[in-house]
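Just so it is clear, the structure is predicted and the values come from calculations on it, not from any experiment.
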Amino acid sequence: MIKLKIFLFLLLTSISTMVSAQLSPKEIASLKINMTKAVDNSKLTDSIYIKLNKLPNKTAQITAYIAVLEALKAKHSWNPYNKVKYVKDAQNTFKSAIAADKDNLEIRFLRYSTEHYTPSFLGLSKNLDNDKKEIIRHYKNQNFGIADALLVKSIAKFMIASKRCTVEEVKVLQKHI
């Protein structure tokens, strides 16, 4: 449960940076509140998903955010077929977001954290190692793009807590906590 809360914190921290180009500050504040509730509310997940999909000219970040919502739809679905379908939809949507902005730390992190929570027996977490390498590369080069200091620190904490990093990678991340 703590890991899920950390994930949500990171997700919400990145929202304001990600969607500010297309949403007003008031809408961003509302989105943050609603995203927290959406983790445990399938109807709210669906309504946010529909709202973001209606935005014209979606940025790569908004596309990544839609992918996270598709993953949440998988969490809320009771039907195993639909769960796998939504996870695959999220994979494809993340693929589009990364193709549009492959050097975006936040997008890489969102896919990494989503795949981290995807059950391994599904075999649908194929980008974990590649995304981890990209995230570590950002930290080694101190190239964080538009991510603010709080997000950079939060991502480092999440990466260490994921227990998927080597001792050397943890040392790189700890410099930013």
Backbone of Leu44 reached by a side-chain donor or acceptor of Lys37 within 3.5 Å: no
Linked, directly or transitively: Leu128 and Tyr117 (ILVMFWY side chains, under 4.5 Å): yes
Calculate, to the nearest 0.5 Å, the distance between atoms NE2 and CG belonging to His138 and Asn141 respectively. 8.5 Å
Working to the nearest 0.5 angstrom, can you tell me the gap between Gln91 CD and Thr93 OG1? 10.0 Å
Quick check against the 3.5 Å criterion: does Lys140 have a side-chain atom that pairs as donor or acceptor with the backbone of Val172? no
To check you understand the geometry: which heavy-atom pair defines the closest contact between Lys58 and Leu52, and what is its length? CE-O, 3.4 Å
If you look at every heavy atom in Asn104 and Glu106, which pair is closest and at what distance? OD1-N, 2.8 Å
Test of understanding: clusters of I, L, V, M, F, W, Y form through side-chain heavy atoms closer than 4.5 Å, transitively. Do Val152 and Val170 belong to the same one? yes
Before accepting this row, confirm whether a basic side-chain N of the pair Arg137/Glu134 lies closer than 4.0 Å to the acidic partner's carboxylate O. yes
Would a 4.5 Å heavy-atom cut-off, applied to side chains only, mark Asp40 and Lys75 as touching? yes
Inter-residue atom distance Leu69.CG - Lys51.NZ, 0.5 Å rounding: 11.5 Å
Can you run down the ring-ring contact (aromatic ring centres under 6.0 Å, His included) pairs that involve residues 76-104, sequence neighbours left out, and say none if there aren't any? none
Going hydrophobic residue to hydrophobic residue with side-chain gaps under 4.5 angstrom, can you get from Phe121 over to Val84? yes
I need the Phe158 CZ to Phe109 CZ distance, nearest 0.5 Å. 5.0 Å
Within the side chain of Lys83, is there an N or O that forms a donor-acceptor pair under 3.5 Å with the backbone of Ala74? yes
In this structure, CG of Asn130 is separated from CD of Glu115 (nearest 0.5 Å) by 9.5 Å
Indicate, with yes or no, if Val39 and Val87 share a hydrophobic cluster defined by side-chain heavy-atom contacts under 4.5 Å among Ile, Leu, Val, Met, Phe, Trp and Tyr. no
I need the Thr45 OG1 to Ile50 CD1 distance, nearest 0.5 Å. 11.0 Å
Using the side chain to side chain contact (heavy atoms under 4.5 Å, CB included) rule, take Asn127 and Tyr112 through it: C-alpha gap first, then chi angles, then the decisive distance, then the call. CA-CA 7 Å; Asn127 300 296; Tyr112 177 87; over 6 Å; no
Closer than 4.0 angstrom, basic N to acidic O: yes or no for Lys133 and Asp129? no
Tyr139 and Met159, any side-chain heavy atoms less than 4.5 Å apart: no
Cluster check Leu105, Ile160: I/L/V/M/F/W/Y, side chain < 4.5 angstrom: yes
From Ile155, Ile135, Asp101, residue fulfilling side-chain contact (heavy atoms from CB on, under 4.5 Å) relative to Arg108: Ile135
Tell me the closest heavy-atom pair linking Ala60 and Ala97, and the distance in Å. O-CB, 3.4 Å
Return yes if some donor-acceptor pair links the side-chain N/O of Thr114 with the main-chain N/O of Leu110 below 3.5 Å, else return no. yes
Between Ala90 and Ala71, what is the shortest heavy-atom contact and its length? CB-N, 4.0 Å
